[in-house]
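Structure first, commentary second.
We name chains A, B, ... by the order of the sequence lines, and we start the count at 1 in each one.
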Amino acid sequence: MRRKLLAWFDQNAREMPWRSDPQPYHVWVSEIMLQQTQVATVLPYYRRWMKSFPTVADLAAADEAELLRHWEGLGYYRRVRSLHAAAKQIMERHGGEFPLDFESVLALPGVGRYTAGAVLSISAGAKLPVLEGNTQRVYSRWIALRRPPSDPSATRLLWDVAQAMLPHRGASSGTFNQAAMELGALVCTPTGPDCDSCPVRAHCQAAKQELQTEIPGKIKRLRYEDRTEFALIVDRKRRRETEYLMRPLPEGGRWAGLWDFPRPTEVGTETVDQAASWLAEQLGVPVDHGPRLRTLRHAVTRYRISLHIHRARLSEATSMADPPPTPWQWVRLSHLDQLPMSTTGRQIHAYLQDNRQPLLPLG
DNA sequence: AATACGGGGCA
DNA sequence: TGCCCAGTATT
């Protein structure tokens, strides 16, 4: 069974840059990027990252803003902040050498049982199991597990199966783990598994009982929630260049460390007037707003968001000349390239670049 | 045990 | 629109 899967992997594995030189640092970075993110999305990010931060020491010494700029668009930004903190931990506790014992790896911020097992099995051949979306599905079908994988007893059982599957000798557990994940990604897919092409079909309990489309059971369905949000564009002219009012988002909240246009982060901002009042309170001066410039629609996790973009103005002319209160700053248009932003923040930036001149005066 | 995380791809 | 993606940390 293992031999067949490994032979299939040898023939069908996709090229991935972290596979050609699987140092612990390479595998670690790739695994963090791959959390909740597909391989194709990760590839360009990974290449650019390794060009900029080729070693743990480079990562530890980097500016957080630069790291966030490299991560921009991948989402789940806590991942990159944890990566940074973990690199510093490796410098302090392990002299800059990536630790190779399970407990030390598990102690790194942002690393759980899956990632620790993946890094050590793939980079060092450690006999450690992995369980994630793909292997959860593959092993559930393998043993025709009726319980949904989210059930804690199912999770425990699947970790045990993943452990028992590992090769006793010869082939590396890392290769086996990757083969199982690759099988899940290419053959044993969530819908329409291609059992005819499966190298281990003969051993699969779900296929034997024709249950492969019923297993794994449905994970409880999520309720989607509609949200309305507002962003306010406040600009001023300085030395022939437009500047925009922006702020870095505070520690601990969503998008921590990213820069954003004025956008209320509290839930319950239902109207643009409320958004303007929020900004007025932030700045200590009255704010009025213009008509809607456009609306961006996007979806993240369980939210369907309509983001209304309006122009706004500080109604006291003097306040435009003063430095705004912390954390607000005037940022030159040409400097926005350097600042890390969310995807929607970057879309607003693109909009401002495309419509540099007009942004008609407020009604 | 449930939820936040705030991006993207695909049917 | 709904679901999934090489999950982890927090509450």
Side-chain angles (χ1 to χ4, degrees), chain A residues 13-14 16 18-19 22 26-46 68 71-83 85-86 105-119 121-122 129-138 148-153 155 159 162 174 177-186 188-192 216 218-227 229 231 249 252-258 260 263 265 267 296-307 340-347:
Chain A
R14 294 169 288 178
M16 298 181 195
W18 49 90
R19 283 183 178 161
H26 295 169
V27 178
W28 172 47
V29 171
S30 74
E31 290 299 340
I32 301 296
M33 287 185 171
L34 285 163
Q35 288 172 9
Q36 306 292 286
T37 310
Q38 298 180 158
V39 172
T41 306
V42 163
L43 286 173
Y45 284 89
Y46 178 86
L68 284 164
W71 207 265
E72 198 182 287
L74 273 181
Y76 300 101
Y77 298 93
R78 186 168 59 187
R79 293 184 291 174
V80 69
R81 295 159 63 83
S82 297
L83 211 45
V105 177
L106 199 57
L108 298 172
V111 175
R113 186 176 177 186
Y114 164 75
T115 303
V119 171
S121 68
I122 295 169
V130 299
L131 191 66
E132 38 60 77
N134 287 310
T135 44
Q136 224 172 48
R137 184 173 59 253
V138 168
S150 54
D151 181 324
S153 71
T155 302
W159 274 108
N177 285 334
Q178 291 182 88
M181 292 190 278
E182 197 81 337
L183 186 74
L186 299 181
C188 196
T189 50
T191 58
K218 283 217 167 68
I219 303 162
K220 113 179 76 155
R221 72 182 89 112
L222 230 65
R223 299 267 179 78
Y224 289 93
E225 193 177 312
D226 289 321
R227 284 272 178 92
E229 296 185 356
L249 289 159
R254 86 176 186 198
W255 291 337
L258 298 183
D260 199 20
R263 160 159 41 178
T265 45
V267 187
L296 301 178
R297 290 178 211 286
H298 64 117
V300 287
T301 60
R302 48 184 286 249
Y303 302 108
R304 305 285 155 148
I305 299 161
S306 297
L307 173 63
M341 295 181 203
S342 67
T343 294
T344 49
R346 191 61 70 197
Q347 285 178 278

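- Base contact: A:Met16 has a heavy atom under 4.0 Å from a base atom.
- Here A:Trp255 reaches the OP1 or OP2 of B:dG7: one of its side-chain N or O atoms lies under 4.0 Å away.
- Using a 4.0 Å heavy-atom cutoff across all strands shown, A:Ser342 reaches sugar-phosphate atoms only and no base atom.
- Taking only side-chain nitrogens and oxygens, A:Arg302 never comes nearer than 4.0 Å to OP1 or OP2 of C:dG2.
- Counting any heavy atom pair closer than 4.0 Å across all strands shown, A:Arg19 reaches a base atom.
- With C:dC5, C:dG7, B:dG7 as the choices, the nucleotide that has an atom nearest any side-chain atom of A:Tyr77 turns out to be B:dG7.
- Not counting sequence neighbours, A:Trp159 has no partner by the ring pair (Phe, Tyr, Trp, His ring centres under 6.0 Å) test.
- Comparing C:dG2, B:dG7, C:dA6 by their closest approach to the side chain of A:Tyr224 singles out C:dG2.
- With hydrogens and angles ignored, no donor-acceptor pair under 3.5 angstrom links the side chain of A:Arg79 to the base of B:dG7.
- For A:Gln36, the side chain to side chain donor-acceptor pair (under 3.5 Å) criterion is met by no residue, not counting sequence neighbours.
- At a threshold of 4.0 angstrom between heavy atoms, the contacts of A:Glu31 include nucleobase atoms, whether or not backbone atoms are also involved.
- For A:Tyr77, the side-chain contact (heavy atoms from CB on, under 4.5 Å) partners at least two apart in sequence or on another chain are A:Leu68, A:Trp71, A:Trp255, A:Leu258, A:Thr343.
- Taking only side-chain nitrogens and oxygens, A:Thr135 never comes nearer than 4.0 Å to OP1 or OP2 of C:dA6.
- Along DNA chain B, the nucleotide closest to A:Pro152 and the one closest to A:Val300 are compared, and the more 5′ of them pairs with A:Pro152.
- Residues meeting the ring pair (Phe, Tyr, Trp, His ring centres under 6.0 Å) test with A:Tyr76, sequence neighbours left out: none.
- For A:Ser30, there are no side chain to side chain donor-acceptor pair (under 3.5 Å) partners at least two apart in sequence or on another chain.
- For A:Thr343 and B:dG8, the shortest distance from a side-chain N or O to OP1 or OP2 is below 4.0 Å.
- Side-chain contact of A:Thr135 with A:Glu132: a donor-acceptor pair under 3.5 Å is present, judged by distance alone.
- The residue among A:Leu131 and A:Arg304 whose nearest nucleotide of DNA chain C is located toward the 5' end is A:Arg304.
- When distances run from any side-chain atom of A:Tyr303 to the nucleotides C:dT8, B:dG7, B:dA4, the shortest one goes to B:dA4.
- If you check distances only, the side chain of A:Arg78 does reach the base of C:dT8 with a donor-acceptor pair under 3.5 Å.
- Closest to the A:Pro190 side chain, of the nucleotides C:dC4, B:dG7, B:dC5, is C:dC4.
- Nucleic acid contact for A:Val42: none, since no nucleic acid atom lies under 4.0 Å from a heavy atom of the residue.
- The residue A:Thr115 sits close only to the backbone: its heavy atoms come under 4.0 Å of sugar-phosphate atoms, none of a base.
- Side-chain to base pairing of A:Tyr76 with B:dG7: one donor and one acceptor N or O lie within less than 3.5 Å of each other.
- A:Arg137 comes within 4.0 angstrom of the backbone, heavy atoms only, and of no base.
- Closest heavy-atom contact between A:Ala256 and A:Arg81: O-NH1, 3.3 Å.
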Would you tabulate the nitrogen or oxygen pairs shorter than 3.5 Å linking the protein to nucleotides 9-11 of chain B?
from, atom 1, to, atom 2, distance (Å)
B:dG9, O4', A:Gln38, NE2, 3.4

